Amino acid sequence: MRKNRMNLTVIVKKPKEFIDQTTIESFVEFLFKKSGENSEKELNIVLVDDDEITKLNEQFKNRKGPTNVLSFYGYDGDILGDIAISSDTIEREALEKKENAKEYLLFIIAHGFLHLVGYTHETMDKFDEMMKKQKELVDEFLKEGVVNG
């Protein structure tokens with residue numbers, strides 16, 4: 001567990017080779033800048049296994065089985081929220097999609113973050129808009145050459 005100047009806490013409960021905390025912190029700092037959101041707001045990112053994300057998904061979303069990401073909105077103005085990510089699901093989906101797992105993790109972090117700043121995807125148009133925005137954010141971040149490894 002490591003805290004940085006953004007009031008970001010990253011907890012890796014399910015370590016995987018593709019998880020690089022420094023890259024995650026740099027990417028979240030980038031997301032705060034691009035969104036215009038106050039980076040002093042608290043944000044917690046927890047990387048868990050499929051068992052834990054399944055429990056959260058059932059308890060809070062009333063959905064069965066694992067998912068890649070869940071976002072939980074902050075309950076006051078100083079807290080942006082929490083993002084729970086299954087590193088098992090990220091690894092599996094990246095393999096299925098033939099994508100780099102580290103980059104796919106960033107894509108999923110962007111998804112969780114965008115939810116916390118107001119993006120939704122109840123319709124296909126909104127879903128497409130959100131996916132496009134995630135891809136743009138990851139591509140721009142990668143273009144800056146910040147990713148380690």
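Along the sequence shown, residues are numbered consecutively beginning with 1. This one's a predicted model, so the numbers in the text were calculated from it and none came from an experiment.
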[X] versus [Y], closest heavy-atom pair with distance:
X: Gly65; Y: Glu58; value: N-OE2, 3.7 Å
X: Ser87; Y: Leu47; value: CB-CD2, 4.4 Å
X: Pro66; Y: Arg92; value: CG-NH2, 4.2 Å
X: Phe27; Y: Leu106; value: CE2-O, 3.1 Å
X: Leu56; Y: Ala84; value: CD1-CB, 3.9 Å
X: Ser71; Y: Leu116; value: CB-CD2, 3.9 Å

Between [X] and [Y], is there shared hydrophobic-cluster membership here, with clusters defined by ILVMFWY side-chain heavy atoms closer than 4.5 Å?
X: Tyr75; Y: Ile45; value: no
X: Ile79; Y: Ile83; value: no
X: Met131; Y: Ile90; value: yes

Does the side chain of [X] reach to within under 4.5 Å of the side chain of [Y], using non-hydrogen atoms?
X: Lys41; Y: Glu37; answer: yes
X: Asp128; Y: Met124; answer: yes
X: Phe30; Y: Glu144; answer: yes
X: Asn100; Y: Phe18; answer: no
X: Thr67; Y: Ile53; answer: yes
X: Met130; Y: His111; answer: yes
X: Lys102; Y: Asp20; answer: yes
X: Val138; Y: Ile109; answer: no

Rounded to the nearest 0.5 Å, what separates atom [atom1] in [X] from atom [atom2] in [Y]?
X: Ile11; Y: Ile85; atom1: CD1; atom2: CD1; answer: 12.0 Å
X: Phe107; Y: Lys97; atom1: CZ; atom2: NZ; answer: 7.5 Å
X: Ile24; Y: Leu31; atom1: CD1; atom2: CG; answer: 11.5 Å
X: Leu114; Y: Glu129; atom1: CG; atom2: CD; answer: 9.5 Å
X: Glu25; Y: Thr9; atom1: CD; atom2: OG1; answer: 9.0 Å
X: Tyr104; Y: Lys98; atom1: OH; atom2: NZ; answer: 14.0 Å

Is the backbone N or O of [Y] less than 3.5 Å from a side-chain atom of [X], with the two atoms forming a donor-acceptor pair by type?
X: Asp49; Y: Lys14; result: no
X: Tyr73; Y: Val117; result: no
X: Ser35; Y: Phe32; result: yes
X: Asp50; Y: Asp88; result: no

Step-by-step side chain to side chain contact (heavy atoms under 4.5 Å, CB included) determination, Glu99 to Glu93: CA-CA 8 Å; Glu99 293 188 20; Glu93 288 180 352; over 6 Å; no
Could you check whether Asn7 and Ser39, counting side-chain N and O atoms only, form a donor-acceptor pair closer than 3.5 Å? no
Exercise: do Asn44 and Glu42 side chains pair donor with acceptor under 3.5 Å: yes
Would you find more than 12 non-hydrogen atoms of other residues, nucleotides or ligands less than 6.0 Å from Lys16 atom NZ? yes
Would you find more than 12 non-hydrogen atoms of other residues, nucleotides or ligands less than 6.0 Å from Asn62 atom CG? no
Report yes if the distance between the aromatic ring centroids of Tyr119 and Phe113 is under 6.0 Å, otherwise no. no
Taking the inter-plane angle between the rings of Phe127 and His121 on a 0 to 90° scale, is it parallel (under 30°), tilted (30 to 60°) or perpendicular (over 60°)? perpendicular
Could you walk me through whether Ser86 and Asn68 satisfy the side chain to side chain donor-acceptor pair (under 3.5 Å) test, starting with their C-alpha distance in whole Å, then the side-chain angles of each, then the deciding distance to 0.1 Å, before giving a yes or no? CA-CA 5 Å; Ser86 171; Asn68 50 23; over 6 Å; no
